[in-house]
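Working notes for the structure below.
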Amino acid sequence: MDKKVRVRFAPSPTGPLHIGGVRTALFNYLFARQNDGVMILRIEDTDSNRFVPGAEDYINEALQWLGIGIDEGVREGGNYGPYKQSERRDIYRKYVKQLLDDGKAYIAFDTPEELDAKRKEIANFQYDAKTRGMMRNSLTLPKEEVDALIAAGEKYVVRILIEPNQEVKVNDLIRGEVTVNSSVVDDKVLYKSADDLPTYHLANIVDDHLMEVSHVIRGEEWLPSAPLHVLLYEAFGWKDSMPQFVHLPLLLKPDGKGKLSKRDGDRLGFPVFPLEWHDPVSGDISSGYRERGYLPQAVVNFLALLGWNPGTDQEIFSMDELIKQFSFDHCSKKGAKFDFEKGKWFNHEYLINMDDAELAGIFKPELAKHGVDASQFTDEYITRAVGMIKSRISFVGDIWDNAKFFFQAPTEYAPKDIKKRWKEDTPETMHRLIEVIKGIDDMTSANAEEIVLGWIKDNELHMGNVMNAFRLTVVGECKGPHMFDIAELMGKDEIIARIERGIENIKPVTE
RNA sequence: GGUGGUAUCGUCUAGUGGCCCAGGACGCUGGCCUCUCACGCCGGAAACCGGGGUUCGACUCCCCGUACCACUACCA
């Protein structure tokens, strides 16, 4: 019988969770939900030097915003805690001792300076079967000296003892079997002297085992250390219950080379973080998808398709559809360049399909920011205005620029459009238009259109010139929704007032 | 340098030996619609890294080369 699916997302609280991490979390979540499994959030804070206050809260908030639910974790609780590695010291100590007692690991006294010196001295130096004999460790020093050094308070680390020349096989659900010779795996530090905490490698294996993790789904950057992890499972005697490995392709920079980094966002002008981040030390602010006006569903959809595909032409997926269709069989092996333009398109799609009233609700607070008293307008008015412009924008933040004329009469008129559409005789035509509009009893779009267009035709006026001049007075420029839809919503009085203002203020461009 | 991974339009990708003179999407672009800008609709340009094999047949399998990516810390 297969064991219960239990997966974990295990970020380090060293800063804001970046978008690649979000993608890893998402894939873990999709796989867990698909298999009625458990999603664990484990905080890997074993590097006390890099701890950043606020990072843990940020991770929780970001996952919550995106709808990536956590079943077990620091906040959620669970039967496999603690879920923060810094609170598991005693556990790690016990297992390090087990390795030491079994001769699978040893103590090493080499200082960082000594190691640096060796690296400079010997090309391609690695701490392994070939070199450990020339270092200061419990394998080369007499036992009494080792004991004496420890008793004297000498700092030491624990290293894994790697047997050379073994074929280590890592079975990966995306990449198949990867074989590495153990001779190229070094005697990695398992336990650090610097902060009396294990390294990632040890903590990771112990925790995954104790938390009964069934699938380790993580970024490809971990693939090179996967053989070490397999060897650790063997050293502990846990090989039979070892989790399945899945190494996800990386998210790459849109331009040039390398994996997407935290700094690319500001350099290239798009967010690499789900939420805006205020660095507590430097005070720097990094932009976030949420603050940029992205919808969480759009971000999820976009991310899901970076490295995974459904095998069909479907592009738009709800979370539930993703959960149903997700599969490692359709995960790419290749790193994906991050395409901001496509992300924009996804957001546009979600915006268009969003209910007008809901979108209006999100937009409403923006009015005050632009000095508009929202109480002057009914919710229905705002909803209809938003509904008219949503097809021409990508972000919630774009609404104001495109819809502001609904809430305030133009104070400036686009010179380019004036030049093209505002002629010597235009004011007179506009005066006549006012009279026509005054005579309309029913301002319903279709009706008003029929009357005005009929008048233009009967008088053999130029349709384009009249309508665009009309638009110029109401909108301030030659763009926007259907003119009579605008007129219907704003009402006769407002429309007439704006035409009058236009006649007053628009001066033909001479030259 | 060493080790591992990867290699289809500019980008995300479909393709698991014949259905592919390679399909979809973003972006770009021509047209239609139209009072404008968009949306939408219809069309277009655009790719199998190179060389050897294997095979009746290779984008698909194998080998070599090349390129790219990752790792190579008492960081994760």
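Computed from heavy atoms alone, side chains included, the values below leave out hydrogens, waters and symmetry copies. All of these numbers come straight from a predicted model, not from anything done at the bench. Numbers restart at 1 for each chain; the letters A, B, ... are given by sequence-line order, proteins then strands.
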Step by step, would you call A:K324 with A:E321 a salt bridge (charged side-chain N to carboxylate O under 4.0 Å, His left out)?
CA-CA 5 Å; A:K324 269 200 199 81; A:E321 288 174 307; over 6 Å; no

Out of [options], whichever nucleotide has its closest atom nearest the side chain of [X]:
{"X": "A:V180", "options": "B:A70, B:G4, B:G15", "answer": "B:G4"}
{"X": "A:E44", "options": "B:A76, B:A38, B:U3", "answer": "B:A76"}
{"X": "A:L306", "options": "B:C75, B:C26, B:C12", "answer": "B:C12"}

Classify the nucleic acid contact of [X] as base, sugar-phosphate or nothing, counting any heavy atom under 4.0 Å across all strands shown.
{"X": "A:N124", "result": "base"}
{"X": "A:S12", "result": "sugar-phosphate"}
{"X": "A:K344", "result": "nothing"}
{"X": "A:V157", "result": "base"}
{"X": "A:G307", "result": "sugar-phosphate"}
{"X": "A:S225", "result": "nothing"}
{"X": "A:R218", "result": "nothing"}

Sequence neighbours excluded, the answer for side chain to side chain contact (heavy atoms under 4.5 Å, CB included) partners of A:I496 is A:I434, A:I437, A:K438, A:K492, A:E500

Residue list, side chain to side chain contact (heavy atoms under 4.5 Å, CB included) with A:E450, at least two apart or on another chain
none

Tell me the partner of [N], counting only Watson-Crick (N1-N3 plus N6-O4 or O6-N4) or G-U wobble (N1-O2 and O6-N3) with both under 3.5 Å; none if nothing fits.
{"N": "B:C33", "value": "none"}
{"N": "B:G4", "value": "B:C69"}
{"N": "B:C20", "value": "none"}
{"N": "B:C26", "value": "B:G10"}

Closer to the 5' end of RNA chain B via nearest nucleotide, is it A:P224 or A:P112?
A:P224

Taking atom [atom1] in both [N] and [M], compute the distance separating them and give it to the nearest angstrom.
{"N": "B:A25", "M": "B:C64", "atom1": "C1'", "answer": "36 Å"}
{"N": "B:C19", "M": "B:G57", "atom1": "C1'", "answer": "14 Å"}
{"N": "B:G53", "M": "B:A46", "atom1": "C1'", "answer": "31 Å"}
{"N": "B:G24", "M": "B:G31", "atom1": "P", "answer": "22 Å"}
{"N": "B:U6", "M": "B:A45", "atom1": "P", "answer": "34 Å"}
{"N": "B:C9", "M": "B:G15", "atom1": "C1'", "answer": "14 Å"}
{"N": "B:G50", "M": "B:A22", "atom1": "P", "answer": "16 Å"}

Listed pairs, N/O of protein and of nucleotides 59-62 of chain B, under 3.5 Å:
none

What is the separation between atom CD1 on A:I162 and atom P on B:U72, rounded to the nearest whole Å?
15 Å

Take atom CD of A:Q126 and atom P of B:C71, then tell me their distance rounded to the nearest Å.
17 Å

Restricting to pairs with a member in residues 187-209 of chain A, which pass salt bridge (charged side-chain N to carboxylate O under 4.0 Å, His left out), not counting sequence neighbours?
A:R8-A:D208, A:R42-A:D207, A:R42-A:D208, A:R88-A:D207, A:R93-A:D196, A:R132-A:D187, A:D186-A:K188, A:K192-A:D195

Within the pair A:R50 and B:A76, is there a side-chain N or O less than 4.0 Å away from OP1 or OP2?
no

Any side-chain N or O of A:K192 less than 4.0 Å from the OP1 or OP2 oxygen of B:C75?
yes

Do [X] and [Y] come close enough that some side-chain heavy atom pair is under 4.5 Å?
{"X": "A:I59", "Y": "A:L41", "answer": "yes"}
{"X": "A:V52", "Y": "A:Y58", "answer": "no"}
{"X": "A:E44", "Y": "A:P11", "answer": "no"}

Side chains of A:Y156 and A:D110: any donor to acceptor distance under 3.5 Å?
no

Polar side chain donor-acceptor pair, A:N459 to A:R432, under 3.5 angstrom:
yes

May I ask you to check whether A:F326 and A:F27 place their ring centres under 6.0 Å from each other?
yes

List every contact pair, protein side and nucleotides 32-36 of chain B side both N or O, where the distance is under 3.5 Å.
from  : atom 1 : to     : atom 2 : distance (Å)
B:C35 : O2'    : A:N468 : OD1    : 3.2
B:C35 : O2'    : A:N468 : ND2    : 2.6
B:C35 : O2     : A:R471 : NE     : 3.3
B:C35 : O2     : A:R471 : NH2    : 3.3
B:C35 : N3     : A:R471 : NH2    : 3.2
B:C35 : N3     : A:M483 : N      : 3.3
B:C35 : N4     : A:H482 : ND1    : 2.3
B:C35 : N4     : A:H482 : NE2    : 3.2
B:C35 : N4     : A:M483 : N      : 2.8
B:U36 : O4'    : A:N468 : OD1    : 3.0
B:U36 : O2'    : A:C478 : O      : 2.1
B:U36 : O2     : A:K479 : N      : 3.3
B:U36 : O2     : A:G480 : N      : 2.9
B:U36 : O2     : A:G480 : O      : 3.3
B:U36 : N3     : A:R471 : NH2    : 3.0
B:U36 : N3     : A:G480 : O      : 2.5
B:U36 : O4     : A:R471 : NH2    : 3.3
B:U36 : O4     : A:G480 : O      : 3.4

Sub-3.5 Å pairs of nitrogen or oxygen atoms, protein against nucleotides 6-11 of chain B:
from : atom 1 : to     : atom 2 : distance (Å)
B:U8 : OP1    : A:K334 : NZ     : 3.4
B:U8 : OP2    : A:K334 : NZ     : 2.6

The ring-ring contact (aromatic ring centres under 6.0 Å, His included) partners of A:W455 (sequence neighbours excluded) come to none

Report the residues that fulfil ring-ring contact (aromatic ring centres under 6.0 Å, His included) with A:Y289, sequence neighbours left out, ordered by chain and then residue number.
A:Y294

For residues 160-169 of chain A, tabulate all N or O donor-acceptor pairs below 3.5 Å that involve a side-chain atom, not counting sequence neighbours.
from   : atom 1 : to     : atom 2 : distance (Å)
A:Q166 : NE2    : A:P164 : O      : 3.3

Distances under 3.5 Å between nitrogen or oxygen atoms of protein and nucleotides 40-48 of chain B:
none

Under the side-chain hydrogen bond (donor to acceptor under 3.5 Å, both in side chains) definition, can you give me all pairs with a residue in residues 297-308 of chain A, not counting sequence neighbours?
A:N301-A:Y350

Checking A:E449 now: which residues fulfil salt bridge (charged side-chain N to carboxylate O under 4.0 Å, His left out) with it, not counting sequence neighbours?
none

A:E114 vs A:K118, test: salt bridge (charged side-chain N to carboxylate O under 4.0 Å, His left out). Steps then yes/no.
CA-CA 6 Å; A:E114 286 168 338; A:K118 272 282 179 275; over 6 Å; no

